[in-house]
Colleague: 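One structure follows; several queries about it will come next.
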Amino acid sequence: MARKRLIIEMGMGIDQHGQEPTIAAARAVRNAIAHNALPGVWEIAGLSDPDEMIVEVQVAVPYPEQVREEKVLAVLPFGRKTLTVESGGMIVQGRAIPSLNDKNDEMLIAVASVTVLIDTEQG
């Protein structure tokens, strides 16, 4: 079996308050998939179940070691999901607001790509 890419979507997510890289990463993934439909999965690729899709997620975010994989992948409704997290994104100085549980002035920005693939008979 060979894998073929059907779509690659990109997104950005921000956690302005709370300094949670998981929140920024999940928002980036949600942003990447927010405005798409995948009729080609059924009409061209011939899949009968959306969970047959392979969904590879790559996220670049500050403090990648703090990202909770299950929370990020939970954004995706279907597919055989994998996540790769790497150091990247941005840290922008904001304003700490104690009532919003800020630990510091950092706003975390994450970027994500979501690639949908299918297994095919030919390479």
Side-chain angles (χ1 to χ4, degrees):
M1 287 262 177
R3 289 184 172 181
K4 294 209 176 196
R5 297 176 296 168
L6 289 179
I7 188 169
I8 302 171
E9 293 283 343
M10 285 71 61
M12 180 188 75
I14 304 165
D15 185 23
Q16 292 183 36
H17 299 284
Q19 297 72 45
E20 290 290 338
T22 299
I23 290 173
R27 287 177 177 164
V29 172
R30 185 174 293 113
N31 178 251
I33 67 167
H35 302 287
N36 66 31
L38 302 175
V41 168
W42 295 272
E43 295 173 10
I44 296 170
L47 299 185
S48 59
D49 184 333
D51 282 324
E52 294 174 1
M53 296 184 295
I54 301 155
V55 184
E56 295 179 350
V57 178
Q58 184 177 358
V59 175
V61 64
Y63 314 117
E65 68 283 353
Q66 296 178 25
V67 172
R68 294 182 312 275
E69 179 176 341
E70 70 283 354
K71 297 278 188 189
V72 176
L73 291 179
V75 171
L76 302 167
F78 304 110
R80 300 183 331 225
K81 312 166 198 176
T82 60
L83 175 65
T84 302
V85 182
E86 60 190 64
S87 183
M90 286 180 101
I91 298 173
V92 177
Q93 184 178 355
R95 173 79 180 192
I97 300 173
S99 63
L100 295 177
N101 298 318
D102 280 329
K103 302 171 207 142
N104 55 49
D105 286 344
E106 293 179 347
M107 295 189 297
L108 305 183
I109 302 173
V111 293
S113 71
V114 178
T115 303
V116 175
L117 306 99
I118 59 162
D119 283 324
T120 64
E121 295 295 324
Q122 55 191 12

Colleague: Within the supplied structure, the quantity of interest is the number of heavy atoms (other residues, nucleotides, ligands) at a distance under 6.0 Å from Gln93 CD; does it exceed 12?
Modeller: no
Colleague: Is there a donor-acceptor pair closer than 3.5 Å between any side-chain N or O of Thr120 and the backbone N or O of Ala2?
Modeller: yes
Colleague: Which atom pairs, donor and acceptor, lie under 3.5 Å between side-chain atoms of residues 74-82 and protein residues at least two apart or in another chain?
Modeller:
residue	atom	partner	partner atom	Å
Arg80	NH2	Asp119	OD2	3.1
Lys81	NZ	Leu73	O	3.4
Lys81	NZ	Leu76	O	2.7

Colleague: Looking only at heavy atoms, which two atoms of Ala26 and Val72 are closest? And how far apart?
Modeller: N-CG2, 4.1 Å
Colleague: Shared ILVMFWY cluster between Val55 and Ile7, side chains joined below 4.5 angstrom?
Modeller: yes
Colleague: Does the side chain of Pro64 come within less than 4.5 Å of Glu86's, by heavy atoms?
Modeller: no
Colleague: Between Glu56 and Arg3, is the salt bridge (charged side-chain N to carboxylate O under 4.0 Å, His left out) condition met? List the steps.
Modeller: CA-CA 12 Å; Glu56 295 179 350; Arg3 289 184 172 181; 3.5 Å; yes
Colleague: Could you walk me through whether His17 and Ile97 pass the side chain to side chain contact (heavy atoms under 4.5 Å, CB included) test, one step at a time?
Modeller: CA-CA 8 Å; His17 299 284; Ile97 300 173; 3.6 Å; yes
Colleague: Shortest non-hydrogen contact from Gln19 to Asp102?
Modeller: NE2-OD1, 3.1 Å
Colleague: With a 3.5 Å distance limit and no angle check, can you tell me whether Lys103 reaches the backbone of Gly18 through a side-chain donor-acceptor pair?
Modeller: yes
Colleague: Tell me whether Leu83 is reachable from Ile33 by hopping between hydrophobic residues (I, L, V, M, F, W, Y) whose side-chain heavy atoms are closer than 4.5 Å.
Modeller: yes
Colleague: Taking ILVMFWY side chains as joined if any heavy atoms are under 4.5 angstrom apart, and letting links pass through other members, which residues group with Met107?
Modeller: Met12, Ile14, Met90, Val92, Ile109
Colleague: Starting from the C-alpha separation in whole Å, work towards a yes-or-no answer on side chain to side chain contact (heavy atoms under 4.5 Å, CB included) for Val67 and Val61.
Modeller: CA-CA 9 Å; Val67 172; Val61 64; 3.6 Å; yes
Colleague: Pick out which of Ile118, Ile44, Leu117 makes a side chain to side chain contact (heavy atoms under 4.5 Å, CB included) with Leu6.
Modeller: Ile118
Colleague: To check you understand the geometry: which heavy-atom pair defines the closest contact between Ala32 and Glu9, and what is its length?
Modeller: O-CB, 3.1 Å
Colleague: Determine whether a donor-acceptor pair (N or O, by modelled atom type, separation under 3.5 Å) exists between the side chain of Thr115 and the backbone of Ile8.
Modeller: no
Colleague: Not counting sequence neighbours, which residues clear side chain to side chain donor-acceptor pair (under 3.5 Å) with Glu69? List them please.
Modeller: none
Colleague: Taking ILVMFWY side chains as joined if any heavy atoms are under 4.5 angstrom apart, and letting links pass through other members, which residues group with Ile91?
Modeller: Tyr63, Leu108
Colleague: Can you sort out the partners of Asp105 under salt bridge (charged side-chain N to carboxylate O under 4.0 Å, His left out), two or more places apart, ordered by chain and number?
Modeller: none
Colleague: With a 3.5 Å distance limit and no angle check, can you tell me whether Asp15 reaches the backbone of Glu20 through a side-chain donor-acceptor pair?
Modeller: yes
Colleague: What I'd like to find out is whether the side chain of Met10 reaches to under 4.5 Å of the side chain of Val111, using heavy atoms alone.
Modeller: no
Colleague: So which heavy atom on Gly89 is nearest to which on Pro62, and how close?
Modeller: CA-CD, 4.3 Å
Colleague: Can you list everything that forms a side chain to side chain donor-acceptor pair (under 3.5 Å) with Glu52? Sequence neighbours excluded, please.
Modeller: Ser48
